[in-house]
Amino acid sequence: MKAGLAVVEALRAEGVDHTFGVVGTTTNSIVTEMYGRSDIRFVDTRHEEGAAFMAYGYARASGKPTACLTTSGPGTTNLITGVALAYKGRAPVVVIAGDVGRDFIYRDGAQAFDLVGIFKPITKLALQVNRSERILEMLHYAFRAALADKCGPVFLDIPRDLLDNQSVADEVSPPRAYRAVEHRNAGDAQAVQRAAALLGQAQRPALLVGGGVIDAEASKEAVALAEALDMAIVPSYGHHDAVPNSHHLYVGPPGGRGSGEAAEALHRADVILALGTRLNQGTTFWDNRVIDPATQIVQVDVDSQEIGRNYPVAVGIVGDARAVAEALLAALREAHPQGRPNAAWRSEIAALAARRQARLAAELSLSGEPMMPQRVYPELRKALPRDCMVTLDAGVAPGLAYDRLNFEIPRTFFNYAGHGGLGMGLAVGLGTKLGRPDRPAISLQGDGGFLYASQELNTAVRHHIPLVAIVLNNSCHGAEKAQQQRLFGAKYIGVDLINPRFDKLAEVYGALGMYVQRPDEIADAVKTALAANRPAVIEIPVAEYFPPAAPTPGGAAGGRH
């Protein structure tokens, strides 16, 4: 078959049903092979960065791999920010770049760059195909790497002369022929026993659940572990949907935009089970503010390089979060058949959770015009369905959601994953809706972030993607303005913005536009927009808000760290 068709059939063999990109002369031999097909779709975005963001959202929401297809030179380098997000956020995105022909390489040809060298630092693997006959082999290599252990993006460069009018083998192998489709490492048995013994003796145990719990679909097992020992449940920063937030042992999220109560629960703990987490900077600040030096840590991660990387561990277990959790549960039930109730610690956990809820409830009294951004969130909680997918852009106003929105189902919370890429909210949100069309989806962004990528409203309208984008408009870059106010004598430069009316902009694009100025209008507007089942933008003017310092044990929720 033709080389371009071989690429498409290899993607289909891996279950890829959506690809993202912008057409180009070097990839037309691939994208035209999707013409008239219903089993695979090419979503053409208005900028390649939007394609990478959408691919990230699709992969994270669906749990399936996907692909970006881009042309040579700037068509591919425009992906960099989005691919870096996929790298930080463990998303299996395979980038297939149609490069210039081999005769142009190493001669400073038009649009010729060392794309493999550029993408190596932000992918698990970056390769260039050197013969048409090896295209399928290299695609197998790419998917094997993208889906192995901790998922991530892979970059595959295919020179144009290997794609155009070239033929490759007629048979496309199924994934089981070239990679382990299912492998769950339960960790070293002796390490599991040591960890179970340590946890079984703990007086104030805490369960820190990370992204590995979501990746391994281990939410149920994580909750069972917590219930067996009355462990305080805290999600790692950015993974609030790893466990149901309504659980009676759940305290809240830690981190710079999280809650001081969650940080206090971790600080009081004598043993922390860090399940599927790197103990990242956003959760712990990499110092002793959150984790006490005397606290013993049991760390479980699928990547051996992460064990003990940021904090010394009492027990380190390399393995899949679900398989290890099951092994720990078995060991704990053998040692404690009736469980190990801990009424005193359970009471402390309940008091911390109640303190957080009281603090958030007090924000209902905030008044003023425009409204304070905190007033948006209790109204959103009234309107968002239980299974609604929420994507948060970077920024102060959307960042307040970290401590103020609740999540009950895994793969319903998406964010910048420690990357800080402003402008990702809209496009990632569009990707999540394509990945899980059965679930409602919203994105939350500030005015600065929205105008980074507002052209993808056109993509949403053309491809009928019913995302509701909520723009919290404070007419500034809030985090940077707060820093200039606090540390640079209020010398404001480059932080104040003059914006269009975002609801009117949405209407120009052909989307639904709504403008909301009062808190009591928010819930109805969101419900109406979700029910419309079309792309929508809700603009909410909000006041500037300069957050206090990051929360520490005993402190209140704060801002950027």
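Under the 3.5 Å distance criterion, the side-chain polar atoms of D241 are matched with a main-chain donor or acceptor of T412. The main-chain N or O of Y58 is never found under 3.5 Å from a side-chain atom of K433 such that the two would form a donor-acceptor pair. Put simply, the side chain of D99 never gets that close to the backbone of S72: no donor and acceptor are under 3.5 Å apart. Proximity of a side-chain donor or acceptor of D44 to a complementary backbone N or O of V22 within less than 3.5 Å is not detected. Between the side chain of S236 and the backbone N or O of T277 there is no donor-acceptor pair closer than 3.5 Å. Between the H247 side chain and the L249 main chain, a donor and an acceptor come within less than 3.5 Å of each other. Counting only distance, with no hydrogens or angles, the side chain of E521 and the backbone of Q517 share a donor-acceptor pair below 3.5 Å. A distance-only check finds no donor-acceptor pair linking the side chain of D447 to the backbone of N499 [under 3.5 Å]. Listed for the S219 side chain is a donor-acceptor partner under 3.5 Å among the backbone atoms of A242.
Salt bridge annotation for D17-R12: absent, with no cationic side-chain nitrogen under 4.0 angstrom from a carboxylate oxygen. By the 4.0 Å N-to-carboxylate-O rule, E9 lies close enough to R37 to be salt-bridged with it. Between R179 and E14 there is a salt bridge, since at least one side-chain N of the basic residue sits less than 4.0 Å from a carboxylate O of the acidic one. Salt bridge status for R90 with D215: present, with a side-chain N to carboxylate O gap under 4.0 Å. Between R322 and D320 there is no salt bridge, since no side-chain nitrogen of the basic residue lies less than 4.0 Å from a carboxylate oxygen of the acidic one.
For the atom pair OG1 (T19) and CZ (R41), the distance works out to 10.0 Å, reported to the nearest 0.5 Å. Distance check: I158 CD1 to L156 CG gives 4.5 Å after rounding to the nearest 0.5 Å. Summarising the geometry, atom NE2 belonging to H463 is positioned 8.5 Å from atom CG belonging to N458; distances are rounded to the nearest 0.5 Å. One finds the CZ atom of R257 at 11.0 Å from the CZ atom of R404 (value rounded to the nearest 0.5 Å). Once rounded to the nearest 0.5 Å, the distance linking CZ of F546 with NZ of K481 reads 5.5 Å. Taking CG from L530 and SG from C388, the interatomic distance works out to 6.0 Å, rounded to the nearest 0.5 Å.
No side-chain donor from either of N406 and Y377 sits under 3.5 Å from a side-chain acceptor of the other. Side-chain atoms of E408 and S246 include a donor-acceptor pair closer than 3.5 Å. There is a side-chain donor-acceptor pair under 3.5 Å between T71 and T26. In this structure, a donor-acceptor pair under 3.5 Å is present between the side chains of N473 and E539. Q445 and D393 form no side-chain donor-acceptor contact under 3.5 Å, judged by distance and modelled atom types alone. Of the N and O atoms on the side chains of T70 and T76, at least one donor lies less than 3.5 Å from an acceptor on the other residue.
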Intermediate values then yes/no, side-chain contact (heavy atoms from CB on, under 4.5 Å), T391 and T432: CA-CA 8 Å; T391 299; T432 69; 3.9 Å; yes

Begin from the C-alpha positions of R160 and T25 and carry the test side-chain contact (heavy atoms from CB on, under 4.5 Å) through to its verdict. CA-CA 9 Å; R160 178 177 181 176; T25 56; 3.7 Å; yes

Kindly indicate, with the supporting measurements, whether the criterion side-chain contact (heavy atoms from CB on, under 4.5 Å) is fulfilled by E261 and R359. CA-CA 10 Å; E261 297 83 10; R359 173 172 55 78; 2.8 Å; yes

Test log, rule salt bridge (Lys or Arg N to Asp or Glu O under 4.0 Å), inputs R439 and D387: CA-CA 6 Å; R439 291 179 175 175; D387 62 344; 5.0 Å; no

Pair L434, I465 - check side-chain contact (heavy atoms from CB on, under 4.5 Å), show working. CA-CA 7 Å; L434 289 175; I465 310 172; 3.8 Å; yes

Working note: R278 + D303, criterion salt bridge (Lys or Arg N to Asp or Glu O under 4.0 Å); need CA distance, chi angles, decisive distance, verdict. CA-CA 9 Å; R278 299 175 293 125; D303 184 353; over 6 Å; no

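In this structure, A67 and V16 approach most closely via the heavy-atom pair N-CG1, 4.4 Å. Across all their heavy atoms, S259 and D403 have their closest contact at CB-OD1, 3.3 Å. Closest heavy-atom contact between L139 and V7: CD1-CA, 3.9 Å. The minimum heavy-atom distance linking P244 with V223 is given by the pair CD-CG2, 3.9 Å. L136 and A10 get closest at one heavy-atom pair: CD2-CB, 3.8 Å. Heavy-atom minimum distance, A59 versus A91: CB-CB, 4.1 Å.
Under the side-chain contact (heavy atoms from CB on, under 4.5 Å) criterion, V23 pairs with N28, V31, F42, not counting sequence neighbours.
Ring planes of F450 and F502: perpendicular class, angle over 60° (limits at 30 and 60°).
When side chains are defined from C-beta on, T81 counts as touching F53, because their heavy atoms get closer than 4.5 Å. Using a 4.5 Å heavy-atom threshold, the side chains of L451 and L497 count as separate. With a 4.5 Å cut-off on side-chain heavy atoms, N474 and Y545 do not count as touching. Between H477 and L422, some side-chain heavy-atom pair lies under the 4.5 Å cut-off. Considering only heavy atoms from C-beta on, V376 comes within 4.5 Å of I522 through its side chain. V94 is not listed as a side-chain neighbour of P65, based on a closest heavy-atom distance of 4.5 Å or more. Between K88 and N280 the shortest side-chain heavy-atom distance does not fall below 4.5 Å. Side-chain contact between F155 and L125 is absent, with no heavy-atom pair separated by less than 4.5 Å.
Atom NZ of K124 sits in a crowded spot, with more than 12 heavy atoms from other residues, nucleotides or ligands closer than 6.0 Å. Other residues, nucleotides and ligands contribute at most 12 non-hydrogen atoms within 6.0 Å of the CZ atom of R46. Within a 6.0 Å radius of CZ in R518, no more than 12 heavy atoms belonging to other residues, nucleotides or ligands are found. Under a cut-off of 6.0 angstrom, the local environment of NZ in K2 is sparse, with at most 12 non-hydrogen atoms contributed by other residues, nucleotides or ligands. Annotation for Y452: atom OH does not count as buried by contact number, only 12 or fewer foreign heavy atoms lying within 6.0 Å.
Taking the centre of each ring, F119 and Y87 stay at or above the 6.0 Å mark. Note: F414 and Y56 fail the aromatic proximity criterion, with ring centroids not under 6.0 Å apart. Checked against the 6.0 Å centroid threshold, H239 and F413 do not count as a close aromatic pair.
Cation-pi geometry between R144 and Y178 is not met at under 6.0 angstrom from the ring centre and within 45 degrees of the axis.
V537 pairs with exactly one of D503, L505, L467, V471 by the side-chain contact (heavy atoms from CB on, under 4.5 Å) rule, that one being V471.
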